Each structure stands twice: as structure tokens, then as C-alpha cells.
Amino acid sequence: MDELELARQEIDRADADLAAAFVRRMEAASRIAQYKKERGIPVFDPAREARVLEQNARRVEDPCLREEYLRLLKCAMALSRARQRRLGAETGDTLWVESERGGYGVTVARGALARAGELFDLDRRVLVVTDRGVPAGYAAALAERCGEPVTVTLDEGAAGKSLSGAKRLWSVMLEHGFTRTDCVCAVGGGSVGDTAGFAAACWMRGVDFYNVPTTLLAQADASIGGKTGLDVCGVKNSVGAFWPPRAVLIDPDLLKTLPPRLLAEGMAEIVKTAVVRDGELLAEIEAGDPYEKIETLLLRALKIKRALVEADERDEGPRRLLNFGHTVGHGVEALSGGALYHGECVALGMLPMCAPALRARLTALLQRLGLPTRCALEPEAVVAAALHDKKRTARGIAAVFADEAGAGYCREISPDELKSRIETGWNR
Ligand code: GLY
């Protein structure tokens with residue numbers, strides 16, 4: 001056996017030891033999480049972490065190796081902390097999403113709006129951002145629970161999700177003396193969340209942001225993952241920032257005031273998530289009335305999204321699966337001039353990206369949900385509009401496909417292939 005093979009065998013043995021030690025470490029971290037949760041002790045203990053680093057530094061003699069080992073140990077400690085935060089925060093109705101900024105809880109529960117004071121830190125100046133399409137009572141209920149609320153009602157939809165909408169928020173914050181320790185809370189659909197989140201990301205280089213999504217579209221998708229953005233120069237989300245919320249409150253009771261068409265477009269995002277990652281969830285949506293089990297569906301879809309954003313917060317890898325239906329969808333949206341809602345465009349955008357059997361299954365489901373499966377737009381025009389999308393690369397268009405339920409994958413597609421998929425993908 002040569003030297004290379006011997007060294008590799010040594011690495012294999014060391015990796016096996018490391019794996020076993022890692023499992024032991026995380027199991028101990030879980031026990032600590034339980035202990036701290038029961039006694040209300042904070043997860044982060046800087047003095048203990050400094051001691052652990054100091055005592056372990058002595059175990060490695062070589063100074064270069066010592067530095068590298070401490071880097072590895074710091075990663076293990078960060079993972080323990082994340083595990084403890086998750087176990088400490090998670091309850092039956094609250095999911096924990098780990099993020100660059102420390103993570104946040106997402107509570108999904110009927111009547112949760114009344115718990116905003118307990119779930120969010122609102123005992124300060126709070127910019128409550130809503131829009132004209134949202135029942136005013138929702139923002140008022142949130143404002144009642146704030147120390148010093150200042151409510152701004154933006155224009156609905158794209159008009160509010162603009163530089164002038166964000167500028168209005170900053171002007172109000174300036175006028176009311178908002179500081180770095182104050183916060184912003186969105187109460188509305190995806191446009192409100194995107195604008196309020198972006199305003200929070202920029203104000204004094206970033207203040208706390210809370211989100212109460214009130215549409216199914218925002219509850220199922222946009223509310224978590226930290227994407228914020230504005231439509232500038234006519235391009236959707238051309239200006240934005242990753243700015244994860246401090247906490248999210250999803251109250252399915254708020255959907256009672258939502259018109260059926262807006263419910264259906266939100267369901268399209270849940271279907272999207274199921275198609276790319278969870279065939280059983282797709283079957284669950286197909287079985288019976290999905291709105292009767294909306295809390296369960298939301299929690300399952302959010303758990304899938306959580307796994308993807310935790311693995312890839314900046315949308316550079318696996319998170320891109322969530323763009324399923326969006327390449328063609330954005331093309332349709334650009335051409336429909338506002339006649340079709342975002343979720344309806346996503347529904348149309350998913351069909352051409354599926355293998356035939358899955359497409360037939362999806363067509364039946366989308367029709368039952370009241371979503372479009374027919375489109376009279378010219379495939380060539382849709383491709384041209386999709387080419388303007390920011391996910392275009394030098395070789396073609398980055399797109400997501402699904403040949404079977406639960407198994408989405410990304411690859412690049414040429415404009416010609418996209419056109420021919422649209423030709424066969426839609427009922428025309
Ligand atoms: N809406 C897709 C994402 O958050 O990545």
C-alpha cells in the first residue's frame with residue numbers, strides 16, 4: 001500500500017472518531033438546551049465559551065494546527081448554540097429558523113395576532129407598516145400591543161413596493177425620531193413585508209424587523225427566509241437586501257377576510273414547495289379540502305422552506321429550488337400587466353417544467369384549486385420576458401424542473417427548449 005493510501009486510511013479513521021465525538025457533543029448540547037429551557041437560562045454563555053476555547057487550545061501543541069483546531073471548535077460551538085436555540089425556542093406551534101443574524105421563531109397558530117406582545121419585543125417605538133388592501137383592524141390590533149406605535153398605510157401592491165414607498169417609511173421614521181433600538185413591523189401581504197423589511201434593513205444600517213403576513217402567499221413563502229426588496233426601474237425586486245426578521249407570527253384566522261382568488265394564489269406556493277421537495281405533502285393537498293387543514297399544510301411547507309434557507313440563506317444553491325415555476329411565471333407576470341396574480345403566474349410557470357405524468361396530475365390539482373392552467377400568451381413572448389429575469393446566466397436560463405413529485409432539481413435551459421416546453425406545457 002502506498003503512502004497516499006495509508007494517509008487516506010488514517011483520515012478515514014480520524015473522520016469516524018470525529019463523527020462519533022460530534023454526535024456525543026450534540027447530544028450533550030441537547031441535554032443542556034433542555035436544562036436551560038426549564039430554568040430560563042440564556043443559551044449564549046460567553047464566559048463558558050471562552051473557557052472551552054482556552055482549555056482546548058492547550059491540547060494542540062503545534063501553533064498553526066492549534067489555530068486551525070480552534071476554528072473547527074468554534075464551528076462546533078456555533079452548531080451547539082444553534083441546536084440549543086432551536087430546542088429552546090421550538091414548541092408545538094413555533095418553528096425556529098437559524099440565520100446569519102442569529103435565528104428567529106415562526107409561530108403558526110390561530111389567534112396568534114393577540115399574542116404579538118408576547119412573541120415580539122414591542123415595548124419601544126414601532127413602525128407598523130400595512131397597506132390599503134389589508135383590513136385596518138389587523139394593524140390596529142398590532143399597534144395596541146406596542147409601546148409607541150406609528151402606523152403607515154402604503155398604497156396597495158407594486159405602488160407601495162417602490163422607492164417612494166420606502167422613502168415614505170424613512171421620512172416617518174425620521175419625523176418620529178426612530179433610533180437603532182426601535183423596530184419595524186409589517187402587517188400585510190408580500191409587498192408590505194418586502195417594503196417594510198427593506199426599510200428596516202436600511203434604517204441606521206439595520207433595525208429589528210417583525211412580520212405578520214396576512215395573505216396565504218406571504219404566510220406560505222415570503223414571510224421567512226429574509227428576502228426584502230423593491231421594484232425599481234420597472235424590474236421586480238431589483239433592489240433589495242437579505243434582512244431576516246426577528247420573529248414571524250402567522251395567524252391563519254387572518255385568512256378569513258381573504259378573497260378566494262388570493263387564497264388560491266397562496267396555495268400555489270404551497271403546491272410549488274410540495275412538488276420540489278415533498279411528494280407526501282402534495283398528496284395531502286390533493287386529499288380533501290386543503291383549506292380545512294391549512295395550519296398543517298402551512299407548517300409542513302414552512303419546514304421545507306426552513307431546511308432550504310438554513311442550508312442556503314443567500315440563495316446561491318439549494319434554496320433556488322423554491323424558484324420552481326418562477327422562470328416562466330415571471331415572464332407571464334411581466335406580460336399580463338397585472339391581470340394575473342403572482343401565484344397564478346407561478347401555477348402557469350410550473351406546468352412546462354414538469355414531466356408529462358406529473359404535469360397531468362398538477363393540472364388537475366391546480367384546476368381544482370381555481371388556478372389557471374391555460375394561457376393564451378405566445379410562448380416566444382414569454383421566453384423573451386423571462387430572459388429579462390435576473391436568474392439568467394451566460395449559458396441560458398437557470399430553471400427548476402420536476403420529473404416526479406418531491407424531486408425538484410435545477411439546471412440551465414436554452415431559450416429554444418423553454419419555448420417548446422411552454423408550447424406543450426399549457427392547455428391552449
Ligand atoms: N420565494 C423564494 C425564496 O424565498 O427563496
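Quick caveat: nothing in here was measured; it's all calculated off a predicted structure. Order of appearance sets the numbers: ligands from 1, and atoms from 1 within every ligand.
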Practice task
State plainly whether the residues D208 and R124 are in salt-bridge range, i.e. N to O under 4.0 Å.
Solution key: yes
Exercise for the section: Check whether any N or O atom of N323, backbone or side chain, sits under 3.5 Å from an N or O atom of ligand 1, and answer yes or no. Expected result: no
Handout entry: Aromatic ring pairing W170/F198, orientation class (parallel under 30°, perpendicular over 60°, tilted between)
Key = tilted
Handout entry: Heavy atom of the protein closest to atom 1 (N) of ligand 1 (residue, atom name, distance)
Key = D221 OD2, 2.7 Å
Exercise for the section: Establish, yes or no, whether the cationic atom of R411 lies under 6.0 Å from the six-membered ring centre of Y409 and within 45° of the ring axis. Expected result: no
Practice task
Could you tell me which atoms of ligand 1, counted from 1 in the order shown, lie closer than 4.0 angstrom to a heavy atom of K305?
Solution key: 1 (N), 3 (C), 4 (O)
Practice task
Could you tell me whether the side chains of D194 and S191 share a donor-acceptor contact shorter than 3.5 Å?
Solution key: no
Exercise for the section: Would you mind checking which non-hydrogen protein atom is closest to atom 5 (O) of ligand 1, with the distance to 0.1 Å? Expected result: R319 NE, 2.7 Å
